[in-house]
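The sequence lines fix the lettering, A, B, ..., with proteins before strands; numbering per chain opens at 1. Computation of the quantities below employed the complete heavy-atom set of this structure, encompassing side-chain atoms and omitting hydrogens, waters and symmetry-equivalent molecules.
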Amino acid sequence: MSINHHLSEGLILAYAAGSLPEAYSLIAAAHISMCDDCRAAATAYEALGGAVIDDGDSAALCQDSLAKTFARISAPALGLPVVVTPKAPSVLPAPLQDYLGARLEDVKWRNVGMGVRQCVLKTKGSQTARLLHIPAGTAVPDHGHGGLELTLVLKGAFSDKTGRFGVGDVEVADQSVEHTPVADPDMDCICLAVTDAPLRFKSFLQRALQPFFGI
Amino acid sequence: MITCYENVKEAVVGPSTRSENGILLQIDRHGTQDHVIMEVMDKDWTALLLRVRDHQDRAAFGALFTHFAPRIKGFLMKSGSSASASEDCAQDVMATVWHKAHLFDPSRASVATWVFTIARNRRIDVIRKERRPEPEDLPWGPQATLDQGEALIIAQENDSLAAAIATLPQNQRALIERAFFADLSHAQLMQETGLPLGTIKSRIRLALERLRHKMMQ
């Protein structure tokens, strides 16, 4: 897989540090599943985390801390053992399968207009993660952003004025970017998009319809 | 109660054992309390964790606990948790270190890095009460033969990384602080970090390529 558009270093650092909100973490984990470069970078930033802990401040422990820890170790494990199910080969990378199941056919889509369909994922925080299905050749209306928007292509491709994005590519955009992504003419495009605030559509009609469509 | 004497050769009383890596360990068990007296000649965390992994060695675990548990608690408190929640979570992290020791692979990560990832995930899970999406795991792990050379390289890279952090300019140190103990701003998330991780990144990249190559065969 040839990937041309990667996560920014700041995002990889925050993901490795564990300080990213869930929806951004999800798209970072999905991209890293597909991209060795970003996986290597994330692993390096985790090593940085190890150095930060090793070099960091100590806090005095309770007196019987070790004994209590040994007691936890001896206690029977609560709940069922975690069973890691092997992920099925799918358009959906493993971290997304944890939210949506393995089969793209089982995704519960909702029409949002102009043939575009979406499925919003349950994540904590003020961000929204959604799977988007854009029919071949379709343009998603020109819009600005309320904050940081990340889009990861899972199938097909789209282009906007900043470039072309194929499978595995992630677009990192902020409010300064106004774009009209257009799916390639020969194949439907499926992508995961994470936004920090509702997209603001430019035309009055689109603005009026926005709450209705839920985009 | 734990007493730890570092680099003090005469501190040991009673019977003791010396592990092959030069760490002198002694355990004296009274009821539920463990009295660990040890002389650490060399902080070889990898050797200690492998003793926990392979022999359920409580003295080796005690030595790891003495070093890492206060640092995990410090890390959690600096991230904004209360002292009691941090204590509870640090004990939980160290118990996880014991239970998951069989998953530790020294050719992939140093002990400090591995412990950090456990503490990070517990912080997200227990304290922030969020899910932590993880990338698809690659099929390399303890079942693969341990490559001593790789393990040594990882240890050396981590030493040089720690040294490099100590000499970072103030703005990069501030970025690390914010990344690990607060939230980065949108602008910071979009930027290059400028952190000196070039060699370690390319080494990991090479290891991934070798692995992909093996999987293709």
**Student:** Which of the residues A:D37, A:I73, A:I53 is involved in the greatest number of heavy-atom pairs with chain B at under 4.5 angstrom?
**Tutor:**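 Maximum pair count with chain B is reached by A:I73.
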**Student:** Contact part of A:L48 toward chain B, heavy-atom cut-off under 4.5 Å: side chain, backbone, both or neither?
**Tutor:**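 Its backbone and side chain both get close to chain B.
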**Student:** Are the side chain of A:T69 and the backbone N or O of B:M94 linked by a donor-acceptor pair below 3.5 Å?
**Tutor:**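 Looks like no, no N/O pair under 3.5 Å.
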**Student:** A:D54 versus B:F68: any side-chain heavy-atom pair under 4.5 Å?
**Tutor:**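 Yes; the side chains approach each other to less than 4.5 Å.
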**Student:** Check whether A:Y24 gets within reach of chain B through its side chain, its backbone, both or neither, counting any heavy atom under 4.5 Å.
**Tutor:**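 Side chain only.
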**Student:** Report the option among A:L96, A:D55, A:L26 that has the most heavy-atom pairs separated by less than 4.5 Å from atoms of chain B.
**Tutor:**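 Maximum pair count with chain B is reached by A:L26.
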**Student:** When you measure from the side chain of B:E87 to the backbone N and O of A:C62, does any donor-acceptor pair fall under 3.5 Å?
**Tutor:**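 Present.
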**Student:** Ignoring hydrogens, what is the shortest heavy-atom contact between B:P135 and A:Y15? Give both atom names and the distance.
**Tutor:**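 That closest heavy-atom pairing would be CD-OH, 3.2 Å.
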**Student:** Against chain A, label B:T193 side chain, backbone, both or neither, depending on which of its atoms sit under 4.5 Å from a heavy atom there.
**Tutor:**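 Interface part for B:T193: both.
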**Student:** Any donor-acceptor pair under 3.5 Å linking the side chain of B:R131 with the backbone of A:T123?
**Tutor:**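 No; zero donor-acceptor contacts below 3.5 Å.
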**Student:** So what's closer than 4.5 Å to chain B heavy atoms on A:A60: side chain, backbone, both or neither?
**Tutor:**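 For A:A60, the backbone is the part near chain B, not the side chain.
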**Student:** Could you measure the distance from the CG atom of A:D98 to the CD atom of B:E136? Nearest 0.5 Å is fine.
**Tutor:**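 Going from CG on A:D98 over to CD on B:E136, the span is 10.5 Å.
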**Student:** Could you check whether any side-chain heavy atom of B:D88 comes within less than 4.5 Å of a side-chain heavy atom of A:R72, counting everything from C-beta outward?
**Tutor:**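 The answer is yes; the side chains approach within 4.5 Å.
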**Student:** Specify the closest pair of heavy atoms between A:S25 and B:P133, including all atoms of both residues, with the distance to one decimal.
**Tutor:**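 Shortest heavy-atom separation between A:S25 and B:P133 comes out as CB-CD, 3.8 Å.
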**Student:** Looking at chain A, which one of B:H99, B:Q188, B:M77 has the largest number of heavy-atom pairs inside 4.5 Å, strictly under?
**Tutor:**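 Most heavy-atom pairs under 4.5 Å with chain A: B:H99.
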**Student:** Check for a donor-acceptor pair, side chain of B:K73 on one end and backbone N or O of A:S58 on the other, with a separation under 3.5 Å.
**Tutor:**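 No; judged by distance alone, with no hydrogens or angles, the pair does not exist.
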**Student:** Side chains of A:D174 and B:H186, heavy atoms from C-beta outward: is any pair under 4.5 Å?
**Tutor:**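 A:D174 vs B:H186: side chains apart.
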**Student:** Quick one: which of A:A47, A:G56, A:A51 has the most heavy-atom pairs under 4.5 Å with chain B, could you say?
**Tutor:**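 Going by pairs under 4.5 Å, I would pick A:A47.
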**Student:** Let's test your reading of the structure: which of A:A71, A:A29, A:A42, A:A41 forms the most heavy-atom pairs below 4.5 Å with chain B?
**Tutor:**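 Looking at each option in turn, the highest pair count goes to A:A29.
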**Student:** Nearest 0.5 Å, what's the CG-CG distance between B:L64 and A:L66?
**Tutor:**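 One finds 11.0 Å between CG of B:L64 and CG of A:L66.
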**Student:** Considering non-hydrogen atoms only, spot the tightest contact between B:L195 and A:L13 and give its length.
**Tutor:**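 Nearest heavy atoms, B:L195 then A:L13: CD1-CD2, 4.2 Å.
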**Student:** Establish, from distance only, whether the side-chain atoms of B:Q191 and A:S8 form a donor-acceptor pair under 3.5 Å.
**Tutor:**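 Side chains of B:Q191 and A:S8: no pair found under 3.5 Å.
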**Student:** Measure across B:F65 and A:S65 and return the closest heavy-atom pair with its distance rounded to 0.1 Å.
**Tutor:**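 Heavy atoms only, the tightest pair is CZ-OG, 3.4 Å.
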**Student:** I'd like to know if the side chain of A:K124 reaches the main chain of B:R128, judged simply by a donor and an acceptor atom lying under 3.5 Å from each other, with no hydrogens or angles considered.
**Tutor:**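 Checking the backbone N and O of B:R128 against the side chain of A:K124, a donor-acceptor pair under 3.5 Å is found.
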**Student:** Out of B:D92, B:I72, B:V115, B:L184, which one racks up the most heavy-atom pairs below 4.5 Å with chain A?
**Tutor:**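 Option with the greatest count: B:D92.
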**Student:** Mind checking whether A:Y45 and B:T113 have side chains closer than 4.5 Å, heavy atoms only?
**Tutor:**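 Heavy-atom side-chain distance check fails, nothing below 4.5 Å.
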**Student:** Taking every heavy-atom pair that is under 4.5 Å apart, which of B:R132, B:E192, B:E209 has the most such pairs with chain A?
**Tutor:**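 Winner by heavy-atom pair count: B:R132.
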**Student:** Hey, are A:E9 and B:K201 close enough for a salt bridge, meaning a charged N less than 4.0 Å from a carboxylate O?
**Tutor:**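 Counted as a salt bridge, because a side-chain N and a carboxylate O are separated by less than 4.0 Å.
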**Student:** Please look at B:A182 and chain A and tell me whether the side chain, the backbone, both or neither of the residue comes under 4.5 angstrom of a heavy atom of that chain.
**Tutor:**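 Just the backbone, heavy atoms under 4.5 Å.
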**Student:** When you measure from the side chain of A:K68 to the backbone of B:Q91, do you find a donor-acceptor pair of N or O atoms at a distance under 3.5 Å?
**Tutor:**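 Side chain of A:K68 to backbone of B:Q91: no pair is present.
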**Student:** Side chain, backbone, both or neither: which part of A:L20 has a heavy atom under 4.5 Å from chain B?
**Tutor:**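 Contact with chain B: backbone and side chain both.
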**Student:** Among A:A30, A:A28, A:A40, which residue has the highest count of heavy-atom pairs closer than 4.5 Å to chain B?
**Tutor:**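 Answer, by heavy-atom pair count under 4.5 Å with chain B: A:A40.
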**Student:** B:A109 versus chain A, heavy atoms under 4.5 Å apart: side chain, backbone, both or neither?
**Tutor:**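 Looking at B:A109, nothing touches chain A.
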**Student:** List the atom of A:S19, the atom of B:D183, and the distance in Å for their closest heavy-atom pair.
**Tutor:**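 That closest heavy-atom pairing would be O-OD1, 3.2 Å.
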**Student:** Using modelled atom types only, decide if a donor and an acceptor are shared between the side chain of B:R120 and the backbone of A:A17 within a distance under 3.5 Å.
**Tutor:**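 Here the side-chain-to-backbone pair does not exist.
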**Student:** Do you know which two heavy atoms are closest between B:I204 and A:A44, and how far apart they sit?
**Tutor:**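 B:I204 and A:A44 have their closest heavy atoms at CD1-N, 3.7 Å.
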